Amino acid sequence: MEEIKKKENFITEIIDKDLAEGRYAKVHTRFPPEPNGYLHIGHAKSICLNFGLAEQYGGKCNLRFDDTNPAKEEEEYVESIKEDIKWLGFDWEDRLYYASDYFDILYDYAVKLIKKGKAYVDSLSYEEIKELRGTPTRPGKESPYRNRSVEENLKLFEKMKNGEFKEGECVLRAKIDMSSPNLNLRDPIMYRIKHVPHHRTGNKWCIYPMYDWAHGQSDSIEGITHSICTLEFENHRPLYNWFLEQLEIHHPRQIEFARLNLSYTVMSKRKLLELVEGGYVDGWDDPRMPTISGLRRRGFTPESIRNFADRIGVAKRDTMIDVALLEFSLREDLNKKAQRAMAVLNPLKITLINYPEGKTEELEAVNNPEDPSMGRRKVPFGRELFIERTDFMEDPPKKFFRLKPGGEVRLRYAYIIKCEEVVKDSEGNVVELKCTYDPETKSGSGSTRKVKGTIHWVSANHAFEAEVHLYDRLFTVEDPLADKERDFKEFINPNSLVKLKGCKLEPFLKNAKAGDRFQFERLGYFCVDSKYFKKGKLVFNRTATLRDTWAKIAKKQNL
RNA sequence: UGCCCCGUGGUGUAAUGGUAGCACAGCAGACUCUGGAUCUGUAUGUCCGGGUUCGAAUCCUGGCGGGGCAGCCA
């Protein structure tokens, strides 16, 4: 029985205190996305936080779509968001809500505020309202319509609802304080007119609540206890509280935390959209994108993302998380789960000149050294094989443990071989290696001969050909947004995608299904691309490389 | 130059008035039929100044630095 690890952070401290003092009897959170785009790993942090807290405290977490702006929102996004949350492994059970479910209640609440003299219809233009709002250092001025009578406001507000005004003609505002140092309290707008159909309420409404007016009240209606949002809403909290106090309804506590920033990528919806629309990537689910759908297509596991979210913690300071931590979480998970296979990405042919022509052997390989229960498999072996071009060097530096002229190396799960002859074409390119094998060194035979290097291989006569896509970081710099003089797209890594055709894979991989994950030994983790999946003609995406000590040495020696 | 928030190794995150710990990254080594995994060791930190205290990362105060706010977006 695995117990839920107790996570401690500034939010759990607040919750513990609230519970101890009896402010709330239970914990009820919510994840409130606006359905105007795809979820990314920053949202995953919020999802893990909200659902995780509910789980940790034996409470509940709702999914609520914050669909108060029909001009931006679409059903398509609702579906993708639901899919992503489920994939991450969280369950809102029967608690799927929409802010639009509350439009009627919100309208009644607004009437209540008008009757209290706490809200009014303003007939100023957009520009006039903006002008009178003032600036951070200059107080605002009151609108001439601010003191309309309750009766007039009621009548006007109803006319707004009935569609008797054009867009921009008037708005409903809360009557708070035009000279507040907090701009959010300078008579914030509660309703604006939009003659736009809503993806759920159709043409029923032409006035739509603003975020500030909808959010806290929606939280309240759902009985949310802790309304967790990101730092940029900190200055909205006094307004969040003001509405709830005026309405005298259930009052959740808003808590803000720092959003996730990941190195070597961008996270804002607008920037990601730019990458998609500019054709820099293959859609929202491009395996280089930090979107949940992109990570999924790349081969990430939900567990690795959840573990990552746990590891980064939650706090209020702005941070930049090293993407290496995400990659660590990934490898840690895949190392335990991924079926091993041999695959040669850049093939170099070798012929075993002392191995009988036409002979084939079935050698035994382990499917996962970390998990014996995954069993073993047979791998065909023959006279002609492919090895990785980078596993041979004609004139190698020291510390190169692989094949070299006259040198020996072990073929994984097979024999020790010796390179006897290097065959070149007219231009001097190495095209083939003639080797001998030592029949006494068969793997598993008890042979005690040791050589320093072990390399992977695939039998030429049995190899299955496929395309392999090598992905790397999308940007060449840690923070593509840091340089204000330059557009972030200038920092796109030109080698973030390398497509390899004619790769030679171990035969059993031909039966792989979309999304299946493998470790190609010595190379990294790969998965079958699900977007371009076609039986018999597979594309494998490289999810991540293995930790590569040799690459480090080679880099140091400037190779 | 208004209001609000935040400053702990390279990056994150603990320590809540009492030995600055953990993870990732780095470095070094052991082991290895994956230069993987695993294991061991190691360097690096409380933004600065003053104050309270036997004792301060923690409390107070003044600086400095970073972030947020002027949508009828969320």
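Since we're looking at a predicted model, the values are computed, not measured. Labels below follow one simple rule: chain letters A, B, ... track the order of the sequence lines, proteins then strands, and each chain is numbered from 1.
For residues 32-49 of chain A, proximity to RNA chain B is found at Glu34(A), defined as any non-hydrogen atom under 4.0 angstrom from a strand atom. Of the residues in residues 66-78 of chain A, Asp66(A), Thr68(A), Asn69(A), Lys72(A) come within less than 4.0 Å of RNA chain B through at least one heavy atom, sorted by number.
The nearest whole Å value for the distance from the CE atom in Met320(A) to the P atom in U11(B) is 11 Å. Put simply, NE2 on His236(A) is 13 Å from C1' on C5(B), counting in whole angstrom units. Going from atom CD1 of Ile321(A) over to atom C1' of U11(B) covers 8 Å, rounded to whole Å. We find that NE2 of His215(A) is positioned 21 Å from P of G71(B), with the value rounded to whole Å. Straight-line distance from the CG atom of Asp122(A) to the C1' atom of C72(B): 11 Å, rounded to whole Å. The distance between atom CD1 of Ile14(A) and atom P of C5(B), rounded to the nearest whole Å, is 13 Å. Rounding to whole angstrom units, CG of residue Asn182(A) and P of C5(B) are separated by 11 Å. Put simply, CD on Glu167(A) is 18 Å from P on G71(B), counting in whole angstrom units.
Residues passing the side-chain hydrogen bond (donor to acceptor under 3.5 Å, both in side chains) test with Arg377(A) are Asn367(A), Glu506(A), sequence neighbours excluded. Annotation: side-chain hydrogen bond (donor to acceptor under 3.5 Å, both in side chains) contacts of His456(A) (sequence neighbours excluded): Glu388(A), Arg522(A). When the side-chain contact (heavy atoms from CB on, under 4.5 Å) test is applied to Lys141(A), the partners found at least two apart in sequence or on another chain are Leu132(A). Residues that satisfy the side-chain contact (heavy atoms from CB on, under 4.5 Å) test with Pro139(A), not counting sequence neighbours, are Ser179(A). With sequence neighbours left out, the side-chain contact (heavy atoms from CB on, under 4.5 Å) criterion links Arg412(A) to Met342(A), Thr454(A), Trp457(A), Glu521(A). Taking the side-chain hydrogen bond (donor to acceptor under 3.5 Å, both in side chains) definition, one finds that Thr201(A) meets it with nothing, sequence neighbours left out. The side-chain hydrogen bond (donor to acceptor under 3.5 Å, both in side chains) check on Glu21(A) picks up Lys17(A), with sequence neighbours excluded.
Note on Arg192(A): a side-chain N or O is less than 4.0 Å away from OP1 or OP2 of C73(B). At the phosphate of C73(B), neither OP1 nor OP2 sits under 4.0 Å from any side-chain N or O atom of Arg270(A). Side-chain nitrogen and oxygen atoms of Lys130(A) include at least one within less than 4.0 Å of the OP1 or OP2 phosphate oxygen of G71(B). Contact between the side-chain N/O atoms of Lys194(A) and the OP1/OP2 oxygens of C73(B) is found at a separation under 4.0 Å.
Across all their heavy atoms, Asp219(A) and Pro252(A) have their closest contact at CB-CG, 3.8 Å. Considering every non-hydrogen atom in both Thr29(A) and Ile224(A), the closest pair reads O-CD1, 3.4 Å. Between Val121(A) and Asn153(A), the shortest heavy-atom distance links the atoms N-OD1, 2.9 Å. Looking at every heavy atom in both residues, Pro35(A) comes nearest to Phe65(A) through CB-CD2, 3.9 Å.
Between Tyr107(A) and Tyr191(A), the ring planes lie perpendicular to each other; the angle is over 60°, past the 30° to 60° tilted range.
In this structure, the ring of Tyr38(A) has its center less than 6.0 angstrom from the ring center of Tyr77(A). Taking the six-membered ring for Trp, His215(A) and Tyr211(A) have ring centres closer than 6.0 Å. For Phe540(A) and Phe520(A), the gap between ring centers is short of 6.0 Å.
With a 3.5 Å limit on both pairing distances and Watson-Crick or G-U wobble geometry required, the stems of 3 or more pairs in RNA chain B span B:2-7 with B:64-69, B:10-13 with B:21-24, B:26-30 with B:38-42, B:47-51 with B:59-63.
Across A30(B) and U44(B), the matching C1' atoms stand 24 Å from one another, rounded to whole Å.
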Using a 4.0 Å cut-off on protein heavy atoms (strictly under), produce a 5'-to-3' string for nucleotides 27-37 of chain B with B for base contact, S for backbone-only sugar-phosphate contact, and - for none. S-----BBBBS
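Side chains of Ser143(A) and Arg173(A): a donor-acceptor N/O pair is absent below 3.5 angstrom, by distance only. Glu73(A) and His199(A) share no side-chain donor-acceptor pair at under 3.5 Å.
The glycosidic torsion of G71(B) lies within 90° of 0, which places this base in the syn conformation.
Residue Met210(A) is classed as a sugar-phosphate contact, given heavy-atom separations below 4.0 Å to backbone atoms only. Among the heavy atoms of the strands, none lies under 4.0 Å from Tyr208(A).
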Could you go through nucleotides 65-67 of chain B and list every protein N or O atom that sits under 3.5 Å from one of its N or O atoms, giving the distance for each pair?
| residue | atom | partner | partner atom | Å |
| --- | --- | --- | --- | --- |
| G67(B) | O2' | Asp318(A) | OD2 | 3.1 |

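Between Glu478(A) and Ile189(A), the residue whose closest nucleotide on RNA chain B is further toward the 5' end is Glu478(A).
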